[in-house]
Amino acid sequence: MPVKRVMFYIISYDISDNKRRAVICDILKDFGTRVQYSVFECLLTEDQFTVLFHRLRSEIDPATDSLRCYRLCQGCVDEILLAGRGDITTEPDVYIF
């Protein structure tokens with residue numbers, strides 16, 4: 001069975017409703033690491049990302065909310081600069097099977 005390639009994703013959100021914001025946060029906690037209040041880093045296969053994005057998109061109000069997903073190649077991940085607290089996510093906190 002071929003090993004599925006894991007990619008680094010940065011996912012941010014700006015959700016206008018507190019209840020929807022909490023739901024989005026809970027979904028993202030299942031897939032990645034919270035690095036700022038509304039920013040998560042996720043190490044996911046393409047299939048996992050597809051599931052995550054579908055779940056997130058089904059919860060937002062597209063008229064008022066914003067959701068951004070950035071997929072980074074390993075070269076881009078190697079160039080991430082960090083100042084202050086925290087680390088760059090290098091291992092998934094959660095494994096989804």
Decide yes or no for L44 and V6: does some side-chain heavy atom of the first lie under 4.5 Å from some side-chain heavy atom of the second? no
Backbone N or O of I10 within a donor-acceptor pair of the E41 side chain at under 3.5 Å? no
Is C69 close to F53 at the side-chain level, that is, under 4.5 Å between some pair of heavy atoms? yes
Are any non-hydrogen side-chain atoms of D30 and R55 less than 4.5 angstrom apart? yes
Looking at every non-hydrogen atom in both residues, tell me the closest pair between G32 and C42 and how far apart they are. CA-SG, 3.7 Å
Is any side-chain heavy atom of T64 less than 4.5 Å from a side-chain heavy atom of R20? yes
Residues two or more places apart in sequence or in another chain: which of them pass side-chain contact (heavy atoms from CB on, under 4.5 Å) with T50? E46
How long is the gap from CD on E59 to CZ on R21, to the nearest 0.5 Å? 14.0 Å
Where do S12 and V39 come nearest, in terms of heavy atoms and distance? CB-CG2, 4.1 Å
Measuring from I15:CD1 to C25:SG, what's the distance to the nearest 0.5 Å? 10.5 Å
Within the structure provided, determine whether L56 and L28 are in side-chain contact (heavy-atom separation under 4.5 Å). yes
Which atom of R5 lies closest to which atom of M7, heavy atoms considered: NH2-SD, 3.1 Å
ring-ring contact (aromatic ring centres under 6.0 Å, His included) evaluation trace for Y9 with Y70: CA-CA 5 Å; Y9 293 88; Y70 303 92; over 10 Å; no
Find the distance between CZ (F49) and CG (L43) and round it off to the nearest 0.5 Å. 13.0 Å
So, do I80 and F8 sit near enough that their side-chain heavy atoms are less than 4.5 Å apart? yes
Where do Q48 and F31 come nearest, in terms of heavy atoms and distance? O-CE2, 3.8 Å
For the side chain of D14 and the backbone of L67, is there at least one donor-acceptor N/O pair under 3.5 Å apart? no
Determine whether D61 and D17 satisfy the following criterion, side chain to side chain contact (heavy atoms under 4.5 Å, CB included), listing intermediate values before the conclusion. CA-CA 9 Å; D61 177 347; D17 177 78; over 6 Å; no
Say whether V35 and L82 are linked into one hydrophobic cluster, either directly or through other cluster members, by side-chain heavy-atom distances under 4.5 angstrom. yes
Closest non-hydrogen contact found for D65 with S16 is OD1-N, 3.0 Å
